[in-house]
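Just the heavy atoms: all of them, side chains too, but no hydrogens, waters or symmetry mates, feed the values below. Whatever order the structure lists them in is the order used to number ligands and atoms, beginning at 1.
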Amino acid sequence: REFAEISIKDIDQIAKNSFPLCMRHLFEKLREDHHLKHGGRMQLGLFLKGVGLKLEDALAFWKAEFSQRISMVLFEVGSERFDKEYAYSIRHNYGREGKRTDYTPYSCQTIITSAPGVGDHHGCPYRHFSEENVRAALGKMGITNRAVEDVMDKVRNIHYQLACTLKFEAVNGTSCDAGINHPNQYFSDSQKVLQ
Ligand code: SF4
């Protein structure tokens, strides 16, 4: 599932325009806290690989964020610590370490059935957020009240991927007849609309 290459300098704009709620939430938390726990690093990291972030750019992207955090916490430049603790698992996701498996990004099904714990930001917001938090997240995207209510209706009926599809349609102003079944499909369909 690899699409066109993306570069780090465009990533904030791309996240705003074309990331589904699950990835947008992880991305914003990473920018805010300069940290994500393991489940979040896996979910977002593999998604970014799928949207076309090359290994070298992925290492630079995560290092820039985590180094800020490490500097804040330990008052030291965290380059060594990053290389020791995190770079290995990023290279691993790209199939450059261990068994050299080229790991694929998680599907909606996998994300929806994951079980985020306290302090985790991975998972599917439609499944794992409170109703209030889903509303707040949708509200920030300028979606009309009517569309928000339609999404909430699907959430209450446990149709999380349909909720995501309605959000896609509201944001992109176009129908998505196939429905959303993968965050990277959400991304590529959204990019197609923008082109
Ligand atoms: Fe992400 Fe899929 Fe949930 Fe949409 S339905 S927010 S793409 S996990």
* To do: Taking atom NZ of K154 as the centre, report whether more than 12 heavy atoms of other residues, nucleotides or ligands fall under 6.0 Å from it.
  =>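 Not buried by this count: 12 neighbours or fewer within 6.0 Å.
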* Would you please test K54 and K49 for side-chain contact (heavy atoms from CB on, under 4.5 Å) and show each step? => CA-CA 7 Å; K54 296 285 141 211; K49 173 184 158 186; over 6 Å; no
* L46 and T104, any side-chain heavy atoms less than 4.5 Å apart ->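 T104 does not reach L46 side chain to side chain.
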* To do: Please report the number of protein N, O or S atoms that lie less than 2.8 Å from atom 3 (Fe) of ligand 1.
  =>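 Of the protein's nitrogen, oxygen and sulfur atoms, 1 lie under 2.8 Å from atom 3 (Fe) of ligand 1.
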* Establish, yes or no, whether a centroid distance under 6.0 Å links the rings of H35 and F66. =>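 Yes.
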* Passes ring-ring contact (aromatic ring centres under 6.0 Å, His included), H182 versus Y106? Steps please. -> CA-CA 7 Å; H182 199 293; Y106 297 161; 9.0 Å; no
* Asked: Looking only at atom types and distance, does a side-chain atom of Q191 sit under 3.5 Å from a main-chain N or O of I14, one as donor and one as acceptor?
  ->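 A pair under 3.5 Å: no.
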